[in-house]
Amino acid sequence: MNIILFDRDEREFTKGDERFDHLRNVLHAKEGSTFRGGIINAERGECTVTSLTGEGVSFSFVPEKEDSSLFPLTVILAMVRPICMKRILRELVSLGVSRIILTTSELGEKSYRSSGLYTEGEYRKIMLSGAMQGGHTGVAECIFAGSVREAVSLADPGLHLLLDNVVGSVRFSSLELEKGSVTLAIGPERGWSEKERMLFLESGFIPTVMGNHILRTETAAVAAVALALERMGKI
């Protein structure tokens, strides 16, 4: 962790919380120790440990500056295996994506939506971990869509790009993305269906391609976001 994040009124971590484990076992904190902390999607600053036992840690917080560091980039992402989605969510939040729209897809496994990753709220902890790794307070908004049509309707105004090796005709590296917001659509392991591709194209998405290789969804998501942020002049 490069910063430890918490809710606005939260000033205590208890045993079993990875933030407590990090302070105790990695930073070897003790009463009076300071650490870099911040309020989720708000200020960052300095924290001071006021109490530390085997059961929990309490701390004070002095804000220094606003630092959400989120970029105007939305990712429409088809659901994939939960073990892969954990890695994707962590990395996209770490990179500073502002919105993630998770959607079911025609060729994707429908049971993924009922995974404990979502029903038990584990995805929120994964995303928080990504922000703490990235060293910023910003945690992306995560939205669930029941279909690609719904996901498209939730996209922000701006430039919309469909990443697809079947209909992709515009090289990603040729795009000028420095103005306005950008939305990327990234499919499941089996790709988008023909019906879904047509829906994206009819909705104004530009069919783009990063190269000739067919990538796993988790590889494509991280690569596409990194390239988009570079073309947007953000990294």
Side-chain angles (χ1 to χ4, degrees), residues 1-71 73 75 77 79-102 109 111-145 217-218 221-222 225 235:
M1 296 180 188
N2 293 303
I3 191 171
I4 296 180
L5 301 181
F6 41 87
D7 292 324
R8 184 166 294 279
D9 297 325
E10 189 177 21
R11 295 294 183 272
E12 180 181 11
F13 307 138
T14 56
K15 185 178 180 180
D17 189 314
E18 67 169 341
R19 296 168 296 180
F20 169 74
D21 294 337
H22 185 76
L23 284 169
R24 189 180 186 193
N25 302 324
V26 178
L27 298 183
H28 303 292
K30 57 185 179 181
E31 190 170 325
S33 296
T34 60
F35 61 92
R36 187 182 180 195
I39 298 170
I40 298 171
N41 289 324
E43 306 93 346
R44 63 189 296 176
E46 183 176 84
C47 298
T48 302
V49 175
T50 56
S51 174
L52 178 63
T53 68
E55 299 301 316
V57 58
S58 299
F59 59 93
S60 61
F61 173 62
V62 178
E64 295 174 353
K65 65 176 181 178
E66 195 82 16
D67 185 35
S68 64
S69 299
L70 295 180
F71 302 119
L73 179 60
V75 177
L77 183 64
M79 289 185 177
V80 294
R81 289 181 299 160
I83 192 171
C84 297
M85 186 60 79
K86 290 179 183 180
R87 293 191 285 265
I88 296 172
L89 291 176
R90 183 180 288 111
E91 296 307 318
L92 296 196
V93 173
S94 177
L95 285 165
V97 167
S98 63
R99 299 176 76 227
I100 300 172
I101 302 173
L102 298 179
E109 175 58 54
S111 65
Y112 292 154
R113 179 64 182 84
S114 59
S115 165
L117 174 63
Y118 310 115
T119 60
E120 297 174 13
E122 184 184 359
Y123 75 96
R124 290 191 290 266
K125 295 180 181 178
I126 296 293
M127 295 174 69
L128 182 65
S129 177
M132 292 192 291
Q133 173 59 40
H136 53 81
T137 69
V139 179
E141 177 185 14
C142 188
I143 303 170
F144 294 91
T217 300
E218 59 186 294
V222 174
V225 167
I235 60 174

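Residue indices begin at 1 and follow the sequence shown. Source: prediction; values computed, not measured.
Ile101 and Ala145 make their closest contact through CG2-CB, 4.1 Å (heavy atoms, listed as atom of the first residue, atom of the second, distance). In terms of heavy atoms, Lys15 sits closest to Gly54 at CD-O, 3.7 Å. A pairwise comparison of heavy atoms in Ser60 and Thr50 identifies N-CG2, 4.0 Å as the closest pair. Of all heavy-atom pairs between Ile88 and Ala221, the closest is CG2-CB, 4.0 Å. Summarising the geometry of Ser114 relative to Ser111, their closest heavy-atom pair is OG-O, 2.9 Å, with the distance given to 0.1 Å. The two residues Met85 and Tyr118 make their nearest non-hydrogen contact at CG-OH, 3.2 Å.
Note: Arg99 CZ to Leu92 CG = 14.0 Å, rounded to the nearest 0.5 Å. Taken to the nearest 0.5 Å, the CG atom of Leu27 stands 10.0 Å off from the OG1 atom of Thr34. Rounding to the nearest 0.5 angstrom, the gap separating the CD atom in Glu91 from the CG atom in Leu95 is 6.5 Å. Here the straight-line distance linking atom CZ of Phe59 with atom CD of Glu10 works out to 6.0 Å at 0.5 Å rounding. Note: Tyr123 OH to Ser115 OG = 12.0 Å, rounded to the nearest 0.5 Å. In this structure, CZ on Arg87 lies 11.5 Å from OG1 on Thr217, to the nearest 0.5 angstrom.
Applying the side chain to side chain donor-acceptor pair (under 3.5 Å) test to residues at least two apart or on different chains, none of the pairs has a partner in residues 21-30.
Side-chain atoms of His136 come within 3.5 Å of backbone atoms of Ser94 as a donor-acceptor pair (strictly under, hydrogens ignored). Remark: side-chain polar atoms of Ser98 are paired, donor with acceptor, to backbone N or O of Phe71 under 3.5 angstrom. No donor-acceptor pair closer than 3.5 Å links the side chain of Asn2 to the backbone N or O of Gly134.
Contact of the Met132 side chain with the Leu128 side chain is registered, since non-hydrogen atoms from C-beta on lie closer than 4.5 Å. Looking at Cys142 and Leu102, their side chains come closer than 4.5 Å, going by heavy atoms from C-beta outward. Looking only at side-chain heavy atoms (C-beta outward), Val62 and Thr48 stay at 4.5 Å or farther from each other. Inter-residue side-chain proximity for Met127 and Ile100 is flagged as met; some heavy-atom pair is nearer than 4.5 Å. Annotation: side chain of Val80 is not in contact with side chain of Glu218 (no heavy-atom distance under 4.5 Å). Considering only heavy atoms from C-beta on, Asn41 comes within 4.5 Å of Leu70 through its side chain.
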query: Which is it for Phe13 and Ile4 under the side-chain contact (heavy atoms from CB on, under 4.5 Å) test, yes or no, and what are the steps along the way?
result: CA-CA 11 Å; Phe13 307 138; Ile4 296 180; 3.6 Å; yes
task: Please step through salt bridge (Lys or Arg N to Asp or Glu O under 4.0 Å) for the pair Arg8 and Glu43, ending with a clear verdict.
output: CA-CA 9 Å; Arg8 184 166 294 279; Glu43 306 93 346; 3.6 Å; yes
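Checked options Lys125, Lys86, Arg81; the residue passing with Leu117 is Lys86 (criterion: side chain to side chain contact (heavy atoms under 4.5 Å, CB included)).
Applying the side-chain contact (heavy atoms from CB on, under 4.5 Å) rule to Val49 yields the partners Ala29, Ser33, Phe35, Leu52, Val57; only residues at least two apart in sequence or on another chain are considered. By the salt bridge (Lys or Arg N to Asp or Glu O under 4.0 Å) test, Glu109 is found to be paired with no residue, residues two or more places apart in sequence or in another chain being considered.
Ring orientation note: the planes of Phe6 and Phe61 are nearly perpendicular, at an angle over 60° on the 30°/60° scale.
For the pair Arg113 and Phe144, the cation-pi test (distance below 6.0 Å, angle within 45°) is passed.
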